[in-house]
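Worksheet: the structure to be examined is printed underneath.
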Amino acid sequence: MAATLRSTVVNGPGGGGRPARAGPLAPPLRRSTASLHTLLFPSLPNSASPHLKMASVKDVAAADFITAFSAHLKKGGKIQVPQWMELAKTAPHKELGPIDPDFYFVHVAAVARHVYLRKGVGVGDLRKRHGGKVRRGVAPNHFGLASGNIQRKALQTLEKLKFVEKCTSGGRQITAAGRRELDRIAYQVVAQKNAAAAAAAAAAAASASVVVEAEVADE
């Protein structure tokens with residue numbers, strides 16, 4: 001690569017082109033960090049690129065969005081966790097309750113995302129969504145529904161926050177304020193990931209430029 005950067009093509013007396021190496025006093029060919037970033041990492045965003053377009057919940061992985069939105073709900077301090085939450089189980093077939101102390105915030109965030117993606121979600125749908133298998137010893141396993149009270153409390157919490165409203169045809173749907181808030185959190189997740197990727201790519205491009213200059217200086 002260094003030889004390619006330092007070599008040029010000159011016309012000899014016969015008119016034909018021949019490769020010739022640059023003289024010892026010729027300055028080494030340098031590339032900016034941005035050009036090396038584009039050359040080495042064409043698929044990653046550059047820090048000098050225009051602003052990102054508005055992202056939606058559908059553009060973010062479920063785990064990343066639920067983690068970010070649950071942290072946002074906990075930081076906001078507008079949700080009052082039921083006092084019985086520490087003693088409740090998520091389903092009748094569960095042996096113990098959730099270990100995570102922030103389970104209620106995580107569950108509310110998961111329910112909000114589910115209502116965002118599917119209109120007309122009710123308590124019955126959420127019980128099926130968060131259900132699991134019932135172990136019956138030597139008998140075959142069966143599917144068991146999740147606790148309905150936890151699903152109902154999560155929907156009521158979202159209704160108090162004005163993120164969810166009741167549908168005329170039954171169930172719940174996301175409101176305009178809820179869609180705007182969830183999309184804003186999704187955009188923050190995408191922006192943070194792109195910023196981290198751009199920083200890593202810029203560091204790799206900078207190290208690559210140092211290696212190129214070192215190879216040029218050695219020749």
Side-chain angles (χ1 to χ4, degrees), residues 54-193:
M54 190 62 183
S56 65
V57 177
K58 298 179 180 180
D59 300 326
V60 184
D64 298 337
F65 174 79
I66 292 175
T67 301
F69 191 53
S70 62
H72 171 71
L73 293 176
K74 182 179 179 180
K75 184 179 179 180
K78 298 181 180 180
I79 295 181
Q80 183 178 1
V81 181
Q83 298 180 355
W84 47 263
M85 198 63 216
E86 298 180 358
L87 306 175
K89 299 190 302 181
T90 58
H93 55 271
K94 296 289 184 178
E95 295 183 0
L96 299 174
I99 302 176
D100 188 4
D102 299 332
F103 164 77
Y104 190 71
F105 298 99
V106 175
H107 186 67
V108 171
V111 171
R113 180 182 180 274
H114 189 66
V115 177
Y116 179 99
L117 298 177
R118 294 169 179 84
K119 181 180 178 181
V121 174
V123 176
D125 296 331
L126 294 176
R127 293 188 68 186
K128 294 179 182 178
R129 179 71 177 180
H130 298 281
K133 65 179 180 180
V134 181
R135 300 174 59 184
R136 305 194 303 158
V138 297
N141 296 334
H142 284 181
F143 178 79
L145 299 175
S147 172
N149 191 20
I150 296 179
Q151 319 305 326
R152 189 176 298 104
K153 294 299 182 184
L155 291 174
Q156 291 174 357
T157 299
L158 292 172
E159 285 182 341
K160 291 180 180 179
L161 296 176
K162 306 298 183 182
F163 292 166
V164 166
E165 63 184 2
K166 294 182 179 180
C167 298
T168 56
S169 58
R172 266 78 169 182
Q173 64 181 0
I174 197 75
T175 61
R179 184 179 298 275
R180 183 167 56 251
E181 186 70 11
L182 268 65
D183 287 342
R184 186 178 67 85
I185 300 300
Y187 174 79
Q188 292 179 1
V189 174
V190 173
Q192 290 176 0
K193 283 199 168 187

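Just the heavy atoms: all of them, side chains too, but no hydrogens, waters or symmetry mates, feed the values below.
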Distance from [X] atom [atom1] to [Y] atom [atom2], nearest 0.5 Å?
X      : Y      : atom1 : atom2 : value
Lys153 : Ser147 : NZ    : OG    : 11.0 Å
Asp64  : Ile185 : CG    : CD1   : 13.5 Å
Lys58  : Leu117 : NZ    : CG    : 6.5 Å
Arg184 : Arg180 : CZ    : CZ    : 10.0 Å
Phe163 : Ile174 : CZ    : CD1   : 8.0 Å
Tyr187 : Gln192 : OH    : CD    : 11.0 Å

Does any donor atom in the side chain of Glu181 or His72 lie under 3.5 Å from an acceptor atom in the other side chain?
yes
Does a donor on one side chain and an acceptor on the other come within less than 3.5 Å for Ser56 and Tyr116?
no
Are any non-hydrogen side-chain atoms of [X] and [Y] less than 4.5 angstrom apart?
X      : Y      : answer
Leu155 : Val115 : yes
Lys133 : Phe143 : no
Lys74  : Ile79  : no
Val164 : Thr157 : no
Asp183 : Val57  : yes
Thr90  : Pro98  : yes
Glu165 : Arg172 : no
His130 : His107 : yes

Which atoms form the tightest heavy-atom contact between [X] and [Y], and what is the distance?
X      : Y      : value
Ser70  : Ala109 : N-CB, 3.8 Å
Val190 : Ala55  : CG2-CB, 3.9 Å
Pro92  : Leu145 : CD-O, 3.6 Å
Tyr104 : Gln80  : CE2-O, 4.4 Å
Asp125 : Val121 : OD2-CA, 3.8 Å

Going through the distances and angles, do Phe103 and Val81 end up as a side chain to side chain contact (heavy atoms under 4.5 Å, CB included)?
CA-CA 10 Å; Phe103 164 77; Val81 181; over 6 Å; no
Salt-bridge present (Lys89, Glu95; N to O < 4.0 Å):
no
After noting the C-alpha distance and the side-chain angles of Val111 and His114, does the key distance pass the side chain to side chain contact (heavy atoms under 4.5 Å, CB included) rule?
CA-CA 5 Å; Val111 171; His114 189 66; 5.5 Å; no
Can you check side chain to side chain contact (heavy atoms under 4.5 Å, CB included) on Val106 and Thr67, steps first, answer last?
CA-CA 7 Å; Val106 175; Thr67 301; over 6 Å; no
Check: His93 ring centre within less than 6.0 Å of His142 ring centre:
no
Can you establish whether the number of heavy atoms outside [X] located under 6.0 Å from its atom [atom1] is more than 12?
X      : atom1 : answer
Arg135 : CZ    : no
Glu86  : CD    : no
Arg129 : CZ    : no

The test is side chain to side chain contact (heavy atoms under 4.5 Å, CB included); show your working for Phe65 and Leu182 and say whether it passes.
CA-CA 9 Å; Phe65 174 79; Leu182 268 65; 3.6 Å; yes
Side chain Arg127, main chain Ala146, donor-acceptor under 3.5 Å
yes
